[in-house]
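Per chain, numbering begins at 1; letters A, B, ... match sequence-line order.
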Amino acid sequence: MVELAKVTGAKLPHDNPIRNWTFEQKLAAVADRILKSGKLAPEIARQLEAAVQPENLARMGAMIALLAAAHAFPPAGLAADATLLAFGGTESELIAHRLYLEVSSVQDELDLNSAARVLEEELASNAAGKLIQRFTGVKKARENHAVTIDRKQIRVNAGGGMPQKQNPAHLPLVPGKKKRPAAANPALPKAVKRNQAEHRRMVKNQQKQLKDAIDNASAESKPTIKGQTLRKQGADYQNLSDMTLNQIHGKKMNCNQRIGKGVGSVIDNVLTRGSTSVYVETKFSIRKLPQRTINQLTNAHRKAKSGDTVILNVARKPTHKELIALRNALPAGVFERIKIVSSQTELFTLVKTALKEKKK
Amino acid sequence: MRSPIKEQLFKTFQREMERQYPSFALTEVDVEIVGVWSRCLTPQLYIFLKVMELYDEDSFVVEVGWSDKSLYPWESWNRELKFDSAVWWNRLSRLWHKGVREPVWELAPEDRIAREARSRARLRNKPALYPLSPPDETLLERVEPTVIHALKKFQKYGVPIFNKLGNHRGLGDVL
């Protein structure tokens with residue numbers, strides 16, 4: 001474990017408001033929380049430790065200067081990624097860069113927890129690290145392209161017998177044909193796994209399908225097609241989530257349940273078992289936060305008793321910025337009460353657990 | 001639900017309620033519900049019919065209930081039908097349909113059919129298509145028959161419950 005005092009040079013200044021901490025102090029606190037959780041794969045934890053070592057922080061200082069210089073290129077994050085890749089960034093540097101993007105917006109304790117949670121999820125999401133995949137995507141794509149060419153050559157030359165080391169089955173797969181890891185939770189109902197597959201495709205293809213719908217619309221329907229398609233995409237996701245929630249046995253589920261008055265008075269699902277309730281509001285994305293959504297969550301919070309759960313089910317996983325915006329838009333105490341999920345399997349597991357807990 | 005459709009739905013329900021159930025009066029209108037009609041049986045017993053739009057769809061649901069107060073008992077989640085209860089409400093369609101999916105009154109069933117087709121397409125890794133919904137004019141024409149169908153179901157499944165309630169409370173048939 002990295003000695004974080006080395007990073008900060010001193011103990012964290014608890015008497016000083018977090019918004020006044022230096023970037024290194026914030027980073028140390030976030031990294032500390034992630035590493036202490038013990039959820040990271042050893043290799044990823046090692047890279048994270050390396051990322052917050054003083055020498056890497058010095059390099060990151062240079063990178064921050066580059067970021068500032070690249071600020072004119074929208075979006076700044078992409079410009080910085082490109083810079084990193086151009087400089088042949090190591091995996092540790094890439095993690096450091098991601099940390100920089102998340103940590104630099106930390107203003108208070110809640111932000112620290114939120115940044116730690118977001119990064120921890122990303123870092124722990126699979127053995128290879130989706131994060132690393134994302135940031136090394138360009139390099140991998142180049143490598144895979146080279147491999148594809150090799151494979152074509154191999155196929156052309158395969159007539160005379162293929163040496164074992166050149167067998168295409170042993171070569172890395174081309175992008176988009178990566179073999180998915182086996183299902184993590186075999187206890188999930190088949191329908192939930194199927195819904196998860198549909199969820200993945202829904203999110204992946206959302207923008208393309210919206211564009212297709214607009215492109216294919218007639219001239220007179222152009223003004224309304226975008227709004228209509230977005231609304232339908234939301235309804236599709238709502239319908240999919242209803243199907244997932246229906247897989248939970250022994251619950252009573254009310255759809256479109258009134259929980260207040262005025263705008264935002266109706267919430268998508270209320271599930272009950274005995275005296276325990278789970279309130280679920282489903283959105284495709286929280287990039288925009290209309291007053292209706294704020295009111296729905298506030299009403300659910302107001303209505304929820306101790307032991308009840310309020311869930312915000314968002315198809316497209318919220319970014320850290322979106323989470324901060326949500327927290328700022330909600331009345332005090334509401335954000336802390338809400339659990340945010342972004343997959344059908346998570347939704348199923350969380351609701352099932354929440355309904356079981358009080359029963360004991 | 002689209003605004004002109006919601007407006008037409010409210011007008012049609014209001015007209016049909018006045019024609020078929022004149023003892024009911026409109027008591028509540030809110031942004032996300034079409035309307036609540038109620039009748040006072042005694043100062044401690046009110047019966048209700050509520051129509052609620054589904055926000056993202058051109059569909060609506062109907063609820064029936066009673067309360068010992070003059071306001072619709074939406075805060076109570078008592079769905080167990082006991083005539084001694086002070087309050088009760090349920091979705092009208094739940095009185096005859098016991099399946100997982102709750103039936104709703106759809107003004108644009110084409111949207112549901114297209115949604116089911118998209119779901120199948122996604123599972124087969126094929127493009128999901130978003131055809132245009134029927135225009136307002138088409139839906140406006142569908143409002144009246146749909147409202148009449150909903151009120152027929154109310155007559156068949158809702159009214160008997162209110163009559164049983166009246167008999168249980170010594171008031172006889174109330175509708």
Side-chain angles (χ1 to χ4, degrees), chain A residues 194-195 197-202 204-206 208-210 212-214 216-218 220-221 224-240 242-243 245-247 252-268 270 272 277 282 284 292 295-296 303, chain B residues 1-2 28-33 36 50 52-61 63 65 71-80 89-91 93-94 99-104 108 110-112 114-136:
Chain A
R194 191 182 60 223
N195 291 348
E198 192 178 338
H199 175 147
R200 208 168 25 238
R201 284 174 194 152
M202 202 182 273
K204 187 180 165 192
N205 299 324
Q206 184 254 339
K208 185 184 177 301
Q209 283 163 3
L210 177 62
D212 289 349
I214 294 168
N216 296 333
S218 60
E220 65 267 25
S221 58
T224 56
I225 188 71
K226 187 178 178 187
Q228 204 180 100
T229 308
L230 285 171
R231 201 167 54 243
K232 283 177 186 170
Q233 287 176 331
D236 282 5
Y237 186 60
Q238 169 65 52
N239 191 56
L240 185 69
D242 285 354
M243 289 197 291
L245 293 172
N246 271 327
Q247 294 299 316
K252 283 182 182 169
M253 183 164 84
N254 305 313
C255 298
N256 301 296
Q257 173 82 42
R258 191 177 179 191
I259 54 166
K261 285 187 172 182
V263 175
S265 60
V266 178
I267 194 163
D268 289 327
V270 180
T272 52
S277 299
T282 298
F284 200 95
R292 182 167 182 263
N295 291 357
Q296 283 168 321
K303 189 95 176 138
Chain B
M1 181 177 283
R2 290 174 245 178
E28 192 185 346
V29 178
D30 199 355
V31 280
E32 294 189 16
I33 56 173
V36 178
K50 180 177 132 185
M52 192 171 85
E53 64 166 320
L54 300 187
Y55 190 78
D56 279 331
E57 297 166 31
D58 293 313
S59 310
F60 66 90
V61 292
E63 294 175 1
L71 292 173
Y72 185 81
W74 58 267
E75 291 205 75
S76 163
W77 293 1
N78 178 20
R79 301 287 177 92
E80 201 179 343
W89 69 268
N90 207 344
R91 292 276 165 83
S93 58
R94 284 293 182 202
V100 174
R101 299 305 300 268
E102 176 192 349
V104 299
E110 297 91 339
D111 286 348
R112 176 181 44 78
R115 184 173 66 222
E116 288 165 0
R118 284 195 291 275
S119 177
R120 286 193 298 272
R122 279 189 207 102
L123 290 172
R124 290 170 192 157
N125 216 0
K126 290 185 176 168
L129 303 175
Y130 289 86
L132 270 178
S133 295
D136 288 3

Taking the six-membered ring of B/Y72 (Phe, Tyr or Trp), confirm whether the NZ or CZ of A/R258 is under 6.0 Å from its centre and within 45° of its axis.
no

Region of B/I33 in contact with chain A, defined by heavy-atom distances below 4.5 Å:
side chain

Contacting moiety of A/N195, where chain B heavy atoms sit under 4.5 Å:
neither

Segment of B/E28 engaging chain A (4.5 angstrom heavy-atom cut-off)
side chain

Please look at A/E198 and chain B and tell me whether the side chain, the backbone, both or neither of the residue comes under 4.5 angstrom of a heavy atom of that chain.
both

Gap between atom CD1 of A/I225 and atom CD1 of A/I214 - 0.5 Å precision:
7.5 Å

Atom pair CZ (A/F284) and CZ (A/R231), whose distance is rounded to the nearest 0.5 Å
15.0 Å

Quick one: which of B/E57, B/E102, B/M52, B/R2 has the most heavy-atom pairs under 4.5 Å with chain A, could you say?
B/M52

How long is the span from the CD atom in A/Q296 to the OG1 atom in A/T282, to the nearest 0.5 Å?
9.5 Å

Measure distances from A/L240 to the heavy atoms of chain B and classify the residue's part below 4.5 Å as side chain, backbone, both or neither.
neither

Considering only heavy atoms from C-beta outward, does the side chain of B/L54 approach that of B/V104 to under 4.5 Å?
yes

Please look at B/D111 and chain A and tell me whether the side chain, the backbone, both or neither of the residue comes under 4.5 angstrom of a heavy atom of that chain.
side chain

Pick one of side chain, backbone, both or neither for A/N205, based on which atoms fall under 4.5 Å of a heavy atom in chain B.
neither

Measuring heavy-atom distances to chain A, does B/L123 have an atom under 4.5 Å in its side chain, in its backbone, in both, or in neither?
both

Assess the side chains of A/T229 and A/Q209: does a donor N or O sit below 3.5 Å from an acceptor N or O?
no

For B/Y55 and A/R292, run side-chain contact (heavy atoms from CB on, under 4.5 Å): C-alpha distance rounded to whole Å, both residues' side-chain angles, the deciding distance at 0.1 Å, then the answer.
CA-CA 11 Å; B/Y55 190 78; A/R292 182 167 182 263; 3.2 Å; yes

Whether the B/R101 and A/N239 side chains hold a donor-acceptor pair (N or O, under 3.5 Å, no angle test) is what I'd like checked.
yes

At a heavy-atom separation under 4.5 Å, does B/P131 approach chain A through its side chain, its backbone, both, or neither?
backbone

Between A/D236 and B/Y130, is any side-chain donor less than 3.5 angstrom from a side-chain acceptor?
yes

From NZ (A/K232) to CD (A/Q228), nearest 0.5 Å:
4.0 Å

Which one, A/A213, A/A217, A/S221, A/S277, leads in non-hydrogen pairs under 4.5 Å with chain B?
A/S221

May I ask you to name which of A/Q233, A/M243, A/Q238 has the most heavy-atom pairs under 4.5 Å with chain B?
A/Q233

Atom group of A/K208 that falls short of 4.5 Å from chain B, counting heavy atoms:
neither

Count the heavy-atom pairs under 4.5 Å between each of A/G260, A/G234, A/S218 and chain B, then report the option with the highest count.
A/G260

Pick whichever of A/T272, A/D268, A/V270 has the most heavy-atom pairs under 4.5 Å with chain B.
A/V270

